[in-house]
Amino acid sequence: MHNINYIRENPTEFDNFMKSRGENPIANKIIEIDKEKRETQTVLQNILAERNLLSKNIGKLKSEKKDARTEMAKVEDLKIKVNSLKELETLKDDELNAILSRLPNIPDLSTPVGKNEDENTFYREWGEKPSFNFAPKLHFEIGENSNLMNFEIASKLSGSRFVILKGQLSKLERALANYMLEKHTSVNGYIEIHVPYLVKASTLYGTGQLPKFAEDLFQAGDDHWLIPTAEIPLTSLYSNEILHVSQLPMRVTSYTPCFRSEAGAAGKDTRGMLRQHQFTKVELVSLVEPEHSNDELERMLNCAEGILQDLDLHYRVMTLCTGDMGFAAKKTYDIEVWLPGENKYREISSCSNCGDFQARRMNTRYKNNDQNTHIHTLNGSGLAVGRTLIAILENYQTPDGNVKIPEVLKKYFDNEKNLF
RNA sequence: GGAGAGAUGGCUGAGCGGUUGAAAGCACCGGUCUUGAAAACCGGCAAGGUGGCAACACCUUCCAGAGUUCGAAUCUCUGUCUCUCCGCCA
């Protein structure tokens, strides 16, 4: 949610930012409604003040056993005015919120301006593309050949975009999640949290998925929604609360399934387990003081990259442009891992600084020297486990259809060399 | 699922129709004292908003929503959540 004072004071700048994110100019409309709302408020408050005064007087007169009928009649008259003004104020407030709640965050000044993913910019890379003296297979070819990855059974049970992993592949998924969690908790200073996978609509509003992106989500019952990422419960941990400055930075992590309808991705990445309705992810979330959020984003990115480095997987980091960034983000880095079977880089992590955008929506503040300020929130994948599994299959495959086990994961596999 | 109790400021907790935005304690902040700290003592300390250059004034908020009343933290209804007991159960 946006700071209305900022829009009031910088309408042109605000519109320019919104334009860079593909929105139409709206600041004037906002200011107009806001003005009407405040004017209504002022009149209403004056009448309420008058009413309060009269009521107090009535109390005094009654306790002195005096007649208060004149005063009571006056208050009765005011009531009609109060009700209609209250109605008008609510109307204006709703109008304002309907607009504000659907506008994306203002991009950071260092976020490149651009229309779509083609204008994302290269930030850095690590490692090199591995070379193969055979044609590297796609992850689902390796998986299906091993009989440990099955899409048909999954679709029989649940329809398209689901997968079943068996035996060593299922274990690989578990080993990866374990490795990531251990690293983030024991080395990177994140606290592991076990969170609900179902959340209320108000929680999704706080992080920005609702009201605008309901179609991307699975709803389960009247007010229960499956989380599309652990970012939602983790970021919302302290919604409507005032933290003490000594509690910051707060770094939390969680390994959860994620559920996405993939409504806008019909026909996209239909083969394999790259884009599923359900996948698992280790998520990183930081709650920090505003002046530290830029540094925290770099730190978080390093934590996510660290996992890929440990697994010796080549990747590049892209800075998303204004047109490609998510709704709540000010700045986002995508980590794209190299997939030799596809001969492509593919997103495996996305790290975002959301500034105070989510904190305003969910009302999370911190107290420092008697000052209450909205915190800054950051989230990042550290990493998407399913896609990491894909990357390992494709990068560690051998000509005979086997897959070498990365050094750091061997401890989960009795020091075996190969997966199959 | 059945029966009952409850939800008040950062926390604990009083208030149960009218100067109560709310006692008291803890925590926190400032001061006195001390070589320093602790203790003790003194003072301050809810959030959001409107108007105002400001000082400041006013409004709203005691889980949420609706209602009764001239007036609601206090009464009524609905919802949500928490706790206790019983049943069921991973």
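Computation of the quantities below employed the complete heavy-atom set of this structure, encompassing side-chain atoms and omitting hydrogens, waters and symmetry-equivalent molecules.
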Just by distance, with hydrogens left out, do A:K404 and A:T398 show a side-chain donor and acceptor under 3.5 Å apart? no
Any side-chain heavy-atom pair of A:C321 and A:K115 under 4.5 Å: no
Could you check which nucleotide pairs with B:A55 in any of the strands shown, counting Watson-Crick or G-U wobble with both distances under 3.5 Å? none
By the Watson-Crick or G-U definition, both distances under 3.5 Å, B:A40 is matched with B:U32
Measure centre to centre between the rings of A:Y345 and A:Y315, then say whether the value is under 6.0 Å. no
Should the pair A:F357 and A:F327 be assigned to parallel (<30°), tilted (30 to 60°) or perpendicular (>60°) ring geometry? perpendicular
From C-beta outward on A:I242, which listed nucleotide comes closest to its side chain: B:A47, B:C59, B:G49? B:A47
Which of B:A47, B:G51, B:C59 is nearest the side chain of A:N372? It is B:A47
Please write out each protein N/O paired with an N/O of nucleotides 69-80 of chain B under 3.5 Å, distance rounded to 0.1 Å.
| unit_1 | atom_1 | unit_2 | atom_2 | d |
| --- | --- | --- | --- | --- |
| B:G71 | O4' | A:S55 | OG | 3.4 |

B:G51 OP1/OP2 closer than 4.0 Å to side-chain N/O of A:R38: yes
Distance between the [atom1] atoms of [N] and [M], in whole angstroms?
{"N": "B:C42", "M": "B:A47", "atom1": "P", "result": "25 Å"}
{"N": "B:U80", "M": "B:G13", "atom1": "P", "result": "25 Å"}
{"N": "B:C63", "M": "B:C58", "atom1": "C1'", "result": "27 Å"}

Could you check A:V337, A:I307, A:I335 and say which one makes a side-chain contact (heavy atoms from CB on, under 4.5 Å) with A:L313? A:V337
NA contact type, A:N46, heavy-atom cut-off 4.0 Å: base, sugar-phosphate, or nothing? nothing
Just call it for A:K74: base, sugar-phosphate, or nothing, with non-hydrogen atoms closer than 4.0 Å on any strand. nothing
Aromatic A:Y205 / basic A:R361 pairing, under 6.0 angstrom, 45° off normal: yes
